[in-house]
Amino acid sequence: MSSEKVDQLMQAMTIAEKIGQLIQTTADVFPNGDAVVTGPMKSANMSAESVYTIGTVLGISGAKKVKQIQYDYLQHNRLKIPLIFMADVIHGYQTIFPIPLALGASFNPETMKIASQVAAQESAAGGIHVTFAPMVDLVRDPRWGRVMESTGEDPYLNSVMATASVQGFQGDSLDDHHVAACVKHFAAYGAAEAGREYNTVDVSEWRFKEQYLPAYQAAVDAQAALVMTSFNTLFGVPASANQHLMRDILRQEMAFNGVLISDWSAVAELINHGVAGDHQAAADLALKAGVDIDMMGYAYAKYLEKAADLDTTTAQLIDESARRVLELKDKLGLFTDPYRGLDDTREATEIKTTANLQAAQAAAEDSIVLLKNDRAVLPLVPETRAALIGPVADSGDILGSWSWQGDPAATETIKTALSAAMPNLTFAAGSDYRTSSVRDLKEAVALARQQDVIIAALGLPADESGEATSLANIQLPAEQLVLLRELAKLNKPIISVIVAGRPLDLTEVADLSTAILFAWFPGSKGAAALSRILLGEVNPSGKLPMTFPRSVGQVPIYYNEYRTGRPSTNPFGRDDIKYQSKYMDEVNAPLYPFGFGLSYADISVKAIELAQTTVTPADTLAVTVHLENQSTISGKTVIECYTHQQVGETVRPVKSLVAFEKVEIAGESLADFTIEIPCEHLASVHQDLHQAVDSGEYQLMVGLDSDHLITVPFTIE
Ligand code: GLC
C-alpha cells in the first residue's frame, strides 16, 4: 500500500522522471562523486538534466561525500526526490567481520546477526541506505571464487543465516542505525558450471526449489527490502529477463513485493547472452520480468529517448517499478529526512569502536575450524619455542574480498598478535604467496630448525577470492607446498594455519601437518582470535559449512547427495565391487565432511532419545541429546540433526540437515539438550514442484558432524 506522499509524487512525475527512478549509476556522474568500481565501467551517456532524475547511486559512502551529493542533487531535482545510496557492505564497513562463509562455519545465527548489525550501524553513519547483502547463493564448488560470500552448501544452514543477516541489517524498523537488505543473487548463481565465474547455470526447477530456493525464501520471509537478479541463465533464460523466475516464482509464489534490482549491467548483458538484439530490447525484456532498477547497464536509459511515445503497457510497467522505488524511499524515511543517519559525529564515534572490534574478534573465534590436532599438539603454551613461517604470517591481507572500507595495511597481522603473546617466537616468511627464492626458503628452514614447533601461516590473498576469481587448481600454491615439504623434513610438529576464502584441497597439507586451523579470512581482529585459539584461551568450535574435497576431481561434492541406483558400499575405499557409483582412482569420501570441526575438549554424543517415534506432519519432533565432555576444559560444539526419508515421491538425499544448535558444555560433565524439529523442515519437493511432508519411515541422525551420527528411526503418519 503506497503512502500519500508516493501517490502525490506518482501523480506529479513525468514519464521521463519515472524512468529516471529506474536508473542506477555510480556517483561519479555528480560533482564530488567517485566510485568503488565492481564491474565493467561504461559511460552514462546521459544528459546533465536527466542525470538529476536518476533514482539511486552505488559505490560511494562517507558522511561528507554523501551529504554533498544529496544536497547538490536536491538542488537540481524538480520534485526534490532524494537519492538512495547503496553499497556492498557484505561483512563489515570499517570493522570487518570474518567472511560470510566463515560466519556460516560458526553455525551461530546470533554471530551472523551481530555481524550484520554492526555493519549496518557503521554504514548508516557513513550515509548508506541499502546494502547488497546477504548473498545466499547455495554453493558446492570451491573453484568458484564467490563461495566466500555464501554461508555454504546446505539449504537449512543458509536459510537460518539469511534470516539472521536480514534481521541484523534491517532491525525491526529500518531506522537510521540500520540499512535495507538486498538478498542476492536471484537465482542459483552458485551453480555456475565447473565453478567458472559467470558460466551457465542449468538446474532443474525441481532441484532449484529443493536446494537453492529455501534461503532466498527465508530472506524474503524476513522482509528483505530488495532482491538482486543474478548474471546467470536459469531454465534457459538469463535471470534479468526471466518472467517465470521473477513474476511467477519470486513475486507470486514467494510473495516478494519489494524492489528488484539488476546486478551490475546484467540488463545490458542480455545482449551478450543472445536473448536481446539491442539495449532497447534488453530493457523491454527486463521491464516485463519486473526488474525495477537497471544497475549500471544504461538499458533503461534508452526509454528516455522516446519517453513521450511509449506504449501503454510499457508506461504501466514503468509506473509499477517507479512506485516500488518511491515506496522504498518512503520506507527508508528519505522523504522526511534525505540525510537520515548521516552524521559526522556518529562517524567519529560509532565506527571501529572497541565494542565493534570485540564483536568481530568474537565472530572470528566462533568460526575458525580445527581440522586436525594429532597428539593434542594444540593448544600451545606462551613459552613454546615456535617458528612462525609463511607468507600469511606478516600480512594484513586477512580481511577477505568485499571488505568495503576495511584496510589490510591497518590490520593486525598474525606475527604481531603472536609475538605479543609468545616471547620465544621467531619469524621468517619463507616464501611469498606465489613466488619464492632459495635464500628465503633456506633462511626459513634454518630458523625453524632452531625451534621446537613450527606454525606455518599459509593461504591465498584476498584478490584470489570473491567475484571473478575462479580457480581450476584448489591446492595451495606450489611455492607454499615446497616450503611446507622442506619444513616437514625437520620432523618437528607443524601447525598449519590456513587463510583462504574457499575450501582447498588440503590432502598434502594434512599429510605434512600435525595440526590444521582453517581461519577463512577472519577479519579485522582475526589475528588476535587466532592467537587466543593457538594458546588455548579460546577453544575452537567452528564447523565446515562446505565439504572439503580430497581432490578437485571430486567436485562438486556435498554431503546431501542422492543415493543413486548403485550407491557405493564403501565411500572410504576403492574396493573391487565394480558396478557402483564411484571412481577408479579416488574414494568418494571428502577429506573433511560438511559440519566437521574438532575441539580441544573431548566432547561426544553418548545417546539420543525421541519423545515420540510416531508423529504427524503438523507435529514437532523433540529429540534429547546426551552430551559428554570427558576432558577438563569446557568447549562449544554444534549438535547437528539430520534426517533421511526412506522412500520419497522424488529421490531423497542420504541425509538433510533439519536442525542444529551451538551449545557449550563444562569440563568433565554430562549435559542433555532437547532440540525441537518442526516436521515442516522435512518437506520435500514433489514432481508437481510443490512442497509436502510425506508420510512414511524416516531416520533421525544426530552428531557433531555429518559423518559420525547416532541414528534412530521414526514414522510420520
Ligand atoms: C557486482 C556483484 C554484486 C554487487 C554488484 C554491485 O558485480 O555481482 O554482488 O552487489 O556488482 O557492486
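Since we're looking at a predicted model, the values are computed, not measured. Just follow the structure's listing: the first ligand is 1, and inside any ligand the first atom is 1.
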message: Within the structure, is a non-hydrogen atom of H185 found at a distance of less than 4.0 Å from ligand 1?
response: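 Yes; H185 lies near enough to ligand 1 that a heavy-atom distance drops under 4.0 Å.
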Please list, in number order, the atoms of ligand 1 under 4.0 Å from a heavy atom of [X].
| X | result |
| --- | --- |
| W264 | 7 (O), 11 (O) |
| T38 | 1 (C), 6 (C), 7 (O), 11 (O), 12 (O) |
| L58 | 6 (C) |
| F231 | 7 (O), 8 (O) |
| R146 | 2 (C), 3 (C), 8 (O), 9 (O) |

message: For F231, run the side-chain contact (heavy atoms from CB on, under 4.5 Å) check against E197, H273, E269 and tell me which one passes.
response: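 Output: one option passes, namely E269.
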Backbone or side-chain N or O of K184 under 3.5 Å from ligand 1 N or O: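 K184 vs ligand 1: N/O contact under 3.5 Å present.
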message: Using a strict threshold of under 4.0 Å (side-chain N to carboxylate O), is an ion pair present between E320 and R251?
response: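 Here R251 does not pair with E320 in a salt bridge, since their nearest N and O are not under 4.0 Å apart.
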message: Quick test of your reading of the model: are K352 and E122 salt-bridged, counting only N-O distances below 4.0 Å?
response: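 No, this pair does not count.
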Evaluation steps, ring pair (Phe, Tyr, Trp, His ring centres under 6.0 Å), between F208 and F235: CA-CA 10 Å; F208 169 68; F235 317 137; 5.8 Å; yes
- prompt: Any idea which heavy atoms bring A282 and I271 closest together, and the distance?
  reply: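 Closest heavy-atom pair between A282 and I271: CB-CG1, 4.4 Å.
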field: Which atom of D463 lies closest to which atom of T469, heavy atoms considered
entry: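 In terms of heavy atoms, the two residues are closest at O-CG2, 3.5 Å.
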In terms of residue, atom name and distance, what is the protein heavy atom nearest to [atom]?
| atom | result |
| --- | --- |
| atom 5 (C) of ligand 1 | D263 OD1, 3.3 Å |
| atom 10 (O) of ligand 1 | D88 OD1, 2.5 Å |
| atom 7 (O) of ligand 1 | E467 OE1, 3.0 Å |

- prompt: Quick one: does NZ or CZ of R140 land under 6.0 Å from the six-membered ring centre of Y558, within 45 degrees of the ring axis?
  reply: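 Checked: cation-pi criterion met.
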message: Does the Lys NZ or Arg CZ of K184 fall within the cation-pi geometry relative to W264 - under 6.0 Å from the ring centre and within 45° of the axis?
response: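 Geometry flag: not set, cation outside 6.0 Å or 45°.
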message: Side chain, backbone, both or neither: which applies to M228 and ligand 1 if a contact is any heavy-atom pair less than 4.0 Å apart?
response: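 The answer is the side chain of M228.
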